[in-house]
Amino acid sequence: MSDFANDSDFRDRIPLSQQALAARGAPYLDELNAAQREAVEALDGPVLMLAGAGTGKTKALTTRIAHLLSTGRARPNEILSVTFTNKAAREMKNRVGRLLGQAVEGVPWLGTFHAICVKLLRRHAELVGLKTNFTILDTDDQVRLLKQLVVAAGIDEKRWPARQLAHVIDGWKNRAWTPDKVPAGEAGAFNHQGIEIYEQYQERLKTLNAVDFGDLLLHVVWIFQNHEDVLAQYQRWFKYILVDEYQDTNVAQYLWLRLLAQGHKNICCVGDDDQSIYGWRGAEVGNILRFEKDFPGAKVVRLEQNYRSTPHILAAASGVISANEGRLGKTLFTDLDEGEKVRLIGHWDGDEEARWIGEEIESMQRGTRGLEPFSLDTMAILVRASHQMRAFEDRFLTIGLPYRVIGGPRFYERMEIRDAMAYFRLAVSPENDLAFERIVNTPKRGLGDKAQQKIQMEARSNGVSLVEGAKILLATKGLTGKGAIELGKLVLGIERWHGLVQAGVSHIEIAEQALDESGYTEHWQNDKTPEAPGRLENLKELVKALESFENLQGFLEHVSLIMDNESDEGEEKVSIMTLHAAKGLEFPVVFLPGWEDGLFPSQRSMDESGLKGLEEERRLAYVGITRAEEVATISFAGNRMVYGQWQSQMPSRFIDELPADHVEVLTPPGLYGGGFGAASGGMTGGIQSTIHQKAAEADGYNSPGWKRLQSRSQKRGMSQPSEARNMVIDMSAISAFTVGERVFHQKFGYGAVTAIEGDKLDIAFDKAGDKKVVAKFITAAASAGDDVPF
DNA sequence: TGCACTCATATTTTT
DNA sequence: TATGAGTGCA
């Protein structure tokens with residue numbers, strides 16, 4: 001193990017204060033139930049922990065690590081624990097830390113598959129023809145690179161978009177296929193040139209000393225498969241392996257794990273086949289279903305006691321998921337009080353659904369229905385597809401209900417952040433061609449395609465980087481006029497920033513200078529689009545994020561793998577997110593709108609993957625329902641605007657799968673009764689019979705829920721839902737704005753006030769048209785330049 | 001080169 | 001509907 005001596009992650013050290021641990025004993029074991037304890041104490045040999053939703057799997061997993069350490073089975077750096085997201089990794093680190101207190105400095109090999117692979121690959125980069133300081137490309141860079149190759153291959157980029165090829169290649173990499181291993185059956189991919197371009201792409205990455213996300217795993221697996229000695233080292237080193245969310249592993253990750261686990265064979269995988277919802281990006285449920293075959297003698301422990309949801313919610317979820325075949329099978333149970341039945345309500349259209357949910361949220365916030373008031377933070381709306389969010393955003397903006405959208409473009413994926421990062425990258429290493437390409441003409445410097453081609457040619461014929469190429473081009477007067485002057489400034493700037501980096505100047509200062517001197521900040525200050533202020537805000541935020549790093553290098557290294565941005569502003573807000581984004585989260589109150597066939601289950605899923613697709617959709621339904629702790633409300637709309645066209649659809653088939661005993665139907669009879677269907681033409685017998693059947697089953701019309709619903713809507717007629725809040729805002733609203741005033745809104749941009757009505761303003765937005773908006777969300781339009789980030 | 005216009009297109013998303 | 005990409009013109 002001499003090779004490991006210089007690496008702090010492997011260095012032998014006295015990691016545990018044995019005294020501290022001895023004094024603590026193992027009190028954590030007492031906090032576990034029998035199954036959890038069994039899973040924690042089965043330290044040796046392969047273990048599969050089947051952990052249903054809300055059964056305390058993170059607790060079991062972290063306690064297991066604590067137990068391994070405190071029993072002296074392993075040192076902290078001999079335990080390999082992998083997760084899928086940084087968030088999960090962070091959470092586990094914190095919890096292990098809490099369990100062990102001062103006794104452990106940290107667990108260096110706890111991280112995402114990708115983060116751990118980066119560490120490994122940096123140590124062995126030369127084996128795959130890379131240098132230790134390789135850069136990691138994100139999806140955007142990947143596509144740009146592929147586009148160049150596609151165009152060079154003379155393929156019509158319109159019919160065969162690079163994005164699609166990126167997807168195909170990702171798929172291959174997920175299956176651990178290097179270009180020479182792609183099976184003949186795939187030869188037809190991407191106009192019969194997929195494999196060929198894949199090969200070129202890998203070559204190009206090598207020259208750029210770069211890898212994409214898929215490569216991180218692919219390269220490491222390749223090294224393990226082709227360098228026995230290297231593999232053997234790690235097999236010996238990692239005494240215990242733990243894997244979270246095993247049902248989400250793809251083939252490459254599976255191979256990686258299996259190779260590493262062949263040493264001590266102490267592998268513990270935690271997962272839930274019922275929560276496998278990432279099949280479309282390469283996850284193989286088969287991995288978890290097959291575990292016992294792969295690891296003979298494996299111990300299987302089922303965690304079935306749920307600590308999250310009420311029995312009704314659990315029963316509804318179980319009812320739905322039981323329609324799936326080929327499950328490992330678990331029966332969740334709970335000690336919690338019965339609670340409320342899962343509520344089901346149908347609406348005329350999507351807007352009304354949004355309106356109803358908005359009102360329902362406000363009433364729950366005030367604490368009606370004999371329940372305690374719920375804070376907005378405890379409520380979430382989970383949708384199948386992100387376009388469903390709009391209806392809610394529009395509605396909530398109108399009624400002034402604070403909300404937060406989770407997911408969507410990540411902070412580090414935003415254009416302005418990526419541009420800024422490219423400047424930072426160039427400051428650190430001017431030879432970074434991809435970064436240079438990104439910003440040569442951002443902001444506009446009069447360097448169009450032609451000028452850029454000249455730079456490329458110059459660089460290529462001299463075998464130097466683009467910055468060097470540009471210098472030669474300028475020196476030889478290959479470029480003249482405005483472009484030449486601007487390019488000169490840019491090149492000088494890059495060299496100056498690089499000098500500052502080498503001189504050890506404060507990285508924050510360098511960052512600010514680079515953004516200012518390059519004209520990038522100014523570019524957004526002069527931009528009149530509604531997004532511009534937000535983008536400047538983001539840039540400020542980025543510079544702030546720099547503060548927690550020693551230098552730019554460290555920051556860039558870190559950021560290429562961390563794509564999440566947890567900024568929780570203090571105010572209480574309702575969360576809106578997709579079902580996928582909700583996995584792993586829980587909320588006391590959950591709304592599940594849009595349960596209509598075609599939308600959920602998604603037509604496209606079913607068309608593309610047939611029964612497999614449908615089953616994955618069903619698991620998504622299961623994930624959705626099991627997010628709820630106390631109140632789950634499922635809803636559907638008879639009509640919905642899809643791509644600007646009204647469409648009618650049937651309620652989701654999953655609704656029929658809900659066990660009637662655990663469902664309370666809130667749908668008012670008048671809403672769907674009689675001639676409704678005939679009149680609209682959209683309501684088929686199927687809908688009505690479903691509703692009526694459900695209603696009859698649950699005795700819907702006489703149910704307490706329905707009565708409450710009625711009385712509540714009557715009450716609402718008399719008093720405004722958020723009167724108290726409006727009163728407060730009224731004052732400021734009236735004094736703050738005048739008709740005709742120019743104002744700004746985060747989402748709609750700039751506009752002029754046309755009318756004022758209490759705290760509601762009618763505003764004619766320049767871009768977004770006429771809207772009625774609550775004054776709270778409006779600020780006076782600042783003239784550009786007022787609010788300068790640096 | 002940059003702007004305005006037209007046209008096709010349209011899940012889920014982490015690293 | 002609304003967004004992005006591509007095309008044509010100044």
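Only heavy atoms go into these numbers, but all of them, side chains included; no hydrogens, no water, no symmetry mates. Residue numbers begin at 1 in each chain, while the letters A, B, ... track the order of the sequences.
As a whole-Å value, the separation of Leu599(A) CG from dT11(B) C1' is 9 Å. Rounded to whole Å, atom C1' of dT12(B) lies 15 Å from atom CD of Gln603(A). Between Ile277(A) atom CD1 and dT13(B) atom C1' the separation is 10 Å, expressed in whole Å. Atom CZ in Arg604(A) sits about 9 Å away from atom P in dT12(B), given to the nearest Å. Computed from coordinates, the His167(A) NE2 to dT12(B) C1' distance equals 11 Å when rounded to whole Å. Here the C1' atom of nucleotide dT1(C) and the CE atom of Met389(A) are 18 Å apart, to the nearest Å. Rounding to whole angstrom units, CD of residue Gln388(A) and C1' of dT1(C) are separated by 16 Å. Rounded to whole angstrom, the span from the OH atom of Tyr643(A) across to the C1' atom of dA10(B) amounts to 4 Å.
Contact annotation for Gln253(A): no contact, since no heavy-atom pair falls under 4.0 Å across all strands. Across all strands, Asn441(A) comes closer than 4.0 Å only to sugar-phosphate atoms, never to a base (heavy-atom distances). Across all strands, Leu579(A) comes closer than 4.0 Å to no nucleic acid atom at all (heavy-atom distances). Residue contacts for Thr85(A): at a heavy-atom cut-off of 4.0 Å it reaches the sugar-phosphate backbone alone, with no base atom in range.
Using a 4.5 Å heavy-atom threshold, the side chains of Arg640(A) and His347(A) count as separate. With contacts defined as side-chain heavy-atom distances shorter than 4.5 Å, the pair Gln247(A)/Tyr278(A) does not qualify. Annotation: side chain of Val320(A) is in contact with side chain of Arg618(A) (closest heavy-atom distance under 4.5 Å). At a threshold of 4.5 Å between non-hydrogen side-chain atoms, the residues Leu242(A) and Trp109(A) do not count as touching.
When the nearest nucleotides of DNA chain B are assigned to His580(A) and Ala451(A) by heavy-atom distance, the more 5′-ward of the two goes with Ala451(A). The residue among Met606(A) and Lys444(A) whose nearest nucleotide of DNA chain B lies closer to the 5′ end is Lys444(A).
For dT11(B), neither phosphate oxygen OP1 nor OP2 lies less than 4.0 angstrom from any side-chain nitrogen or oxygen of Thr578(A). Contact check, Arg390(A) against dA2(C): a side-chain N or O comes under 4.0 Å of OP1 or OP2. Under 4.0 angstrom from either OP1 or OP2 of dT11(B) there lies no side-chain N or O belonging to Ser386(A).
Taking the six-membered ring for Trp and thresholds of 30 and 60 degrees, Trp172(A) and Tyr198(A) have ring planes inclined between 30 and 60 degrees apart.
Closest approach to the Ala581(A) side chain among dT13(B), dT15(B), dG6(C) is made by dT13(B) (side chain taken as heavy atoms from C-beta onward). The side chain of Glu617(A) lies closest to dT11(B), out of dT13(B), dT1(B), dT11(B).
Ring-to-base geometry places Trp280(A) in a stacked arrangement with dT12(B) (centre distance under 5.5 Å, plane angle under 30°).
No N or O donor and acceptor, one from the side chain of Arg384(A) and one from the base of dT11(B), sit under 3.5 Å apart.
The ring of Tyr234(A) has its center closer than 6.0 angstrom to the ring center of His124(A).
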